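So the structure is just underneath, and the comments pick up after that.
When a residue number appears, it is its place in the shown sequence, counting from 1. A quick note: this is a predicted structure, and the numbers were derived from the prediction, not measured.
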Amino acid sequence: MDWQGQKLAEQLMQIMLVAFAVVAFFTGYLVNSFQTMLLIYASGVLLTTLVAVPNWPFFNRNHLKWLDPSEADRHPKPQISSTNTGSKKKSSKQHQK
């Protein structure tokens, strides 16, 4: 699952859970049945899980292009200098006083 797919899965999950919660609440209220409300919401949670959790093909539309290992060796990771972190610590201590 790519980054866009993760975002889509999260949005689908949130929308579906809220929609099923609203439908379940109003149906349970109209029918006067707490059991019906719970069954509708539980069905919604199950359906949401089946939609959002598996790695469906529509979650993989934006593939990431990874570097080949030989290409990655030519571009070493940048080193963090200790002078930058020390100045940040000093400036943050000054702001706290």
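- Leu46 and Leu17 sit in two unconnected hydrophobic clusters of ILVMFWY residues. Membership requires side-chain heavy atoms under 4.5 Å apart, directly or through other members.
- The shortest side-chain heavy-atom distance between Leu12 and Phe59 falls under the 4.5 Å cut-off.
- The shortest non-hydrogen separation linking Met1 to Pro54 is CE-O, 4.1 Å.
- Considering every non-hydrogen atom in both Arg61 and Asp2, the closest pair reads N-OD2, 3.4 Å.
- Under the 4.5 Å side-chain heavy-atom criterion for grouping Ile, Leu, Val, Met, Phe, Trp and Tyr, Val45 is connected to Met13 within one hydrophobic cluster.
- A distance of 12.0 Å separates CG in Asn62 from CD in Gln6, rounded to the nearest 0.5 Å.
- Taking 4.5 Å as the limit, some side-chain heavy atom of Leu47 sits within range of a side-chain heavy atom of Phe20.
- The stretch residues 10-26 participates, sequence neighbours left out, in these side-chain hydrogen bond (donor to acceptor under 3.5 Å, both in side chains) pairs: Glu10-Gln14.
- The stretch residues 33-48 participates, sequence neighbours left out, in these side-chain hydrogen bond (donor to acceptor under 3.5 Å, both in side chains) pairs: Ser33-Thr36.
- By the side chain to side chain contact (heavy atoms under 4.5 Å, CB included) test, Phe34 is found to be paired with Met37, Leu38, residues two or more places apart in sequence or in another chain being considered.
- Interatomic distance, Met16 CE to Thr49 OG1, rounded to the nearest 0.5 Å: 9.0 Å.
- Partners of Asn55 by side-chain hydrogen bond (donor to acceptor under 3.5 Å, both in side chains), not counting sequence neighbours, listed by chain and number: Asn60.
- Evaluation of the side-chain hydrogen bond (donor to acceptor under 3.5 Å, both in side chains) rule for Gln4 yields no partner, not counting sequence neighbours.
- Sequence neighbours left out, not one pair with a member in residues 18-28 passes side-chain hydrogen bond (donor to acceptor under 3.5 Å, both in side chains).
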